[in-house]
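No hydrogens, no waters, no symmetry mates; every other heavy atom, side chains included, goes into these values.
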Amino acid sequence: MTIPLLTSLASAALRDIGIPAPFTFGQADRVRFHELDVLNHVNNARYLSWFETFRIAYLRDYGISTYSDIASRPVLVLKSVAVDYKAPLHLEDIYIVAGRTRAFRNTSWTMEYGVWSEGRLCATSTAVIVLMEADLVTRKKLPDSYVKAFTGRDGAVYEG
């Protein structure tokens with residue numbers, strides 16, 4: 001099976017390539033040389049970049065922002081992130097980052113991610129993202145459109 005790289009993968013496509021529910025959105029890519037460390041596997045810090053790239057595609061696909069101009073971009077702060085590395089990835093490996101919003105509060109949401117390659121789970125992660133006002137100090141209430149996307153597509157729950 002050929003997996004399109006850097007193209008949105010919806011639930012049905014994810015299931016076809018063995019990515020389990022509850023993940024509802026994904027994106028595939030290939031490991032590049034500059035992502036390797038001296039041990040010849042993907043450097044741990046690169047996973048954070050992959051999650052960020054995924055998150056922008058996710059927010060576009062969920063209708064939260066087109067990222068086409070600065071005025072339409074939400075101001076997001078990554079409050080916390082944790083990664084559990086399970087299996088190494090190497091040069092030219094095709095991997096899929098899949099993710100979803102698991103929960104939300106008034107001004108933030110919790111995402112969970114997984115990275116798969118050839119049916120094997122290589123890493124998992126959780127991150128808390130906070131929506132901010134343009135002043136970069138004040139938290140902003142999540143718009144109803146975010147909540148509808150998170151609950152409707154991902155089954156996210158409110159954690160008050």
Side-chain angles (χ1 to χ4, degrees), residues 3-29 42-87 89 94-117 119-160:
I3 302 170
L5 304 183
L6 296 173
T7 301
S8 299
L9 302 169
S11 293
L14 293 175
R15 299 309 162 260
D16 287 346
I17 54 179
I19 309 243
F23 293 100
T24 56
F25 183 79
Q27 192 171 46
D29 204 353
V42 174
N43 182 292
N44 291 354
R46 290 299 177 176
Y47 288 80
L48 299 175
S49 294
W50 294 351
F51 299 145
E52 187 173 82
T53 298
F54 167 87
R55 194 165 41 251
I56 298 304
Y58 172 94
L59 294 172
R60 281 183 174 140
D61 196 76
Y62 279 49
I64 289 171
S65 178
T66 63
Y67 283 88
S68 59
D69 62 87
I70 292 174
S72 74
R73 294 179 188 168
V75 179
L76 305 177
V77 173
L78 182 63
K79 181 180 184 275
S80 64
V81 64
V83 183
D84 185 11
Y85 303 98
K86 299 181 176 297
L89 287 164
I94 301 291
Y95 63 88
I96 297 99
V97 176
R100 73 181 194 113
T101 296
R102 178 178 47 87
F104 62 95
R105 300 181 79 152
N106 293 327
T107 60
S108 64
W109 67 94
T110 302
M111 294 191 76
E112 59 184 12
Y113 311 94
V115 178
W116 284 265
S117 181
R120 133 192 97 141
L121 182 60
C122 300
T124 59
S125 178
T126 58
V128 176
I129 297 105
V130 179
L131 183 63
M132 304 294 289
E133 294 287 355
D135 66 8
L136 302 175
V137 175
T138 309
R139 288 177 175 232
K140 183 176 181 175
K141 184 177 183 328
L142 295 183
D144 289 340
S145 60
Y146 288 35
V147 172
K148 286 178 185 172
F150 298 157
T151 57
R153 289 185 66 173
D154 292 346
V157 297
Y158 180 70
E159 287 189 333

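Residues passing the ring-ring contact (aromatic ring centres under 6.0 Å, His included) test with Tyr67: none are found, sequence neighbours excluded. For Tyr113, the ring-ring contact (aromatic ring centres under 6.0 Å, His included) test picks out Phe51, Phe54, with sequence neighbours left out. Partners of Tyr47 by ring-ring contact (aromatic ring centres under 6.0 Å, His included), not counting sequence neighbours, listed by chain and number: Trp50, Tyr85.
The structure places CD1 of Ile129 at 7.0 Å from OG1 of Thr101, a figure rounded to the nearest 0.5 Å. Note that CG of Leu131 and CG of Asn106 are 11.5 Å apart. Values are rounded to the nearest 0.5 Å. For the atom pair CZ of Phe150 and OH of Tyr58, the computed distance is 5.0 Å after rounding to the nearest 0.5 Å. Taken from SG in Cys122 to CD1 in Ile96, the straight-line distance is 9.0 Å, to the nearest 0.5 Å. Taking CG of Leu9 as the start and CG of Leu14 as the end, the distance is 5.5 Å to the nearest 0.5 Å. Rounded to the nearest 0.5 Å, atoms CD1 (Ile19) and OG1 (Thr24) are 11.5 Å apart.
A side-chain donor-acceptor contact under 3.5 Å links Arg105 to the backbone of Gly160. In this structure, the side chain of Asp154 does not engage the main chain of Arg100 through any donor-acceptor pair within 3.5 Å. Counting only distance, with no hydrogens or angles, the side chain of Arg139 and the backbone of Met132 share no donor-acceptor pair below 3.5 Å. A donor-acceptor pair under 3.5 Å is absent between the side-chain atoms of Thr107 and the main chain of Lys140, judged by distance alone. The closest donor-acceptor contact from the side chain of Thr151 to the backbone of Ala156 lies at 3.5 Å or more, if one exists at all.
With contacts defined as side-chain heavy-atom distances shorter than 4.5 Å, the pair Asp29/Thr53 does not qualify. When side chains are defined from C-beta on, Leu5 counts as touching Ile94, because their heavy atoms get closer than 4.5 Å. Residues Leu48 and Val81 form a side-chain contact, since some pair of their non-hydrogen atoms from C-beta on lies under 4.5 Å apart.
Contact detail for Leu142 and Ser108: the closest heavy-atom pair is CD1-O, 3.6 Å. Val42 approaches Arg46 most closely through the heavy-atom pair CG1-CB, 3.8 Å. Closest non-hydrogen pair, Arg120 versus Ala87, comes out as NH1-CB, 3.9 Å. Gly114 and Phe23 make their closest contact through N-CE2, 4.0 Å (heavy atoms, listed as atom of the first residue, atom of the second, distance). Heavy-atom minimum distance, Ala134 versus Val75: CA-CG2, 4.3 Å.
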Verdict with supporting geometry, Thr126 and Glu112, side chain to side chain contact (heavy atoms under 4.5 Å, CB included): CA-CA 4 Å; Thr126 58; Glu112 59 184 12; 4.3 Å; yes
Test log, rule side chain to side chain contact (heavy atoms under 4.5 Å, CB included), inputs Gln27 and Leu6: CA-CA 6 Å; Gln27 192 171 46; Leu6 296 173; 4.2 Å; yes
Evaluation steps, side chain to side chain contact (heavy atoms under 4.5 Å, CB included), between Tyr158 and Phe104: CA-CA 5 Å; Tyr158 180 70; Phe104 62 95; 3.4 Å; yes
Test side chain to side chain contact (heavy atoms under 4.5 Å, CB included) applied to Val115 and Leu89, step by step: CA-CA 10 Å; Val115 178; Leu89 287 164; 3.9 Å; yes
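The number of heavy-atom neighbours closer than 6.0 Å to CD of Glu159, taken from other residues, nucleotides and ligands shown, is above 12.
Ring-plane geometry between Tyr146 and Trp109 is classed as perpendicular, the angle between the planes exceeding 60 degrees on a 0 to 90 degree scale with a lower cut at 30.
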